[in-house]
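Heads up: the structure comes next, in structure tokens.
Labels below follow one simple rule: chain letters A, B, ... track the order of the sequence lines, proteins then strands, and each chain is numbered from 1.
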Amino acid sequence: MPELPEVEVVRAGLAPAVTGSTITGVSVFDERALTRHGAGAADFVARLEGRTIASASRRGKFLWLPLATDDSALIAHLGMSGQMLLRAPDAVSERHERIRIHVDHPVHAELAVVFADQRTFGSLAVDRLVRDGATIVPTQVLHIARDPIDPFFDDLVFRAAVGKKKSAIKRVLLDQTIVSGIGNIYADEALWAARIHPETPADGLPTQAVRRILAEVRSVLAKALAEGGTSFDAQYVNVNGQAGYFAHSLNAYGQQGKPCPRCGTPIVRESFMNRGSHFCPKCQRRR
DNA sequence: GGGGGTTCCTGTACGC
DNA sequence: TGCGTACAGGAACCCC
């Protein structure tokens with residue numbers, strides 16, 4: 001499940017391969033991969049062919065490739081199982097391949113950027129770039145808050161927003177309009193590290209606890225990034241199809257029944273927001 | 001308008 | 001062996 005570290009690994013892999021390259025052809029095999037592009041496949045293709053990719057950017061779990069000479073970008077959200085793969089232009093079709101974009105790089109020659117997605121929650125689009133404070137972002141990313149490793153992320157604004165929310169702190173961490181990039185895995189891991197029960201009402205948390213949560217969020221994201229992201233199966237891989245290693249470092253997520261690495265109490269899994277919440281019932285007591 | 005629940009989707013795991 | 005069902009979850013959407 002691609003969260004911030006996984007998307008950043010993909011962005012960093014794409015950047016050197018596609019920056020400065022020209023899009024020579026686009027094939028759409030499944031229009032469900034264009035749910036974020038309302039104008040349809042023909043329009044999507046027309047807006048890309050012949051264009052030059054200027055760079056690769058990211059905010060939270062959104063990734064985009066700004067196009068040279070005007071204010072538009074190819075944006076991508078990987079959803080739960082989306083992959084951006086770099087392949088030889090004549091490479092055989094990937095399993096669940098939805099879109100293939102052929103690019104011609106002045107140094108690396110021809111490449112295929114393949115968007116593959118098993119569960120079809122991810123999608124691509126061509127979107128207009130607009131200014132958001134000190135940053136330029138696609139319009140579809142405007143409502144997404146900055147992520148915790150963004151140099152312009154404002155800790156004070158985050159703490160104030162958390163203090164106004166009556167919802168469970170885990171729901172707040174998953175709310176991409178408050179802080180972006182965090183999904184179920186890293187929310188559970190950060191709350192375990194901060195010793196906070198996932199269902200603690202956000203507005204009841206002392207400032208010190210919110211500070212601790214944010215510090216642990218940053219810590220767990222940085223560690224996952226250093227290990228190439230979290231892979232449980234073939235659902236998340238980098239642009240070369242390789243898995244990340246952070247799954248070996250998980251303390252709470254998916255560890256139900258196993259002893260808490262801190263106190264030995266078995267980790268518990270409870271259903272929360274139609275997904276799993278993993279925590280230590282002793283270290284993370286409900287207030 | 002805040003809060004919380006539902007929905008979309010498909011491969012895999014598991015029980016009978 | 002084969003079938004049916006539960007499960008995984010990001011984000012938009014809907015309803016109260």
Gap between atom CG of A:Asp132 and atom OG1 of A:Thr139 - 0.5 Å precision: 11.5 Å
Phosphate-side-chain proximity, A:Ser81 and B:dG11, N/O vs OP1/OP2 below 4.0 Å: no
Rounded to the Å, how far apart are [X] [atom1] and [N] [atom2]?
X	N	atom1	atom2	answer
A:Asp117	B:dT10	CG	P	10 Å
A:Arg36	C:dG10	CZ	C1'	8 Å
A:Arg171	B:dG5	CZ	C1'	7 Å
A:Arg119	B:dT12	CZ	P	10 Å
A:Arg269	C:dA6	CZ	P	14 Å
A:Leu173	C:dG10	CG	C1'	15 Å

Closest non-hydrogen atom pair, A:Arg51 against A:Leu67: NH2-CB, 3.6 Å
Base of B:dG11 paired with side chain of A:Arg95 (donor-acceptor, under 3.5 Å): no
5'-most by nearest nucleotide on DNA chain C - A:Met273 or A:Gln256: A:Gln256
Residue whose nearest DNA chain B nucleotide is more 5′ - A:Lys164 or A:Asn274: A:Lys164
A:Glu8 and A:Arg58 ion-paired at < 4.0 Å: yes
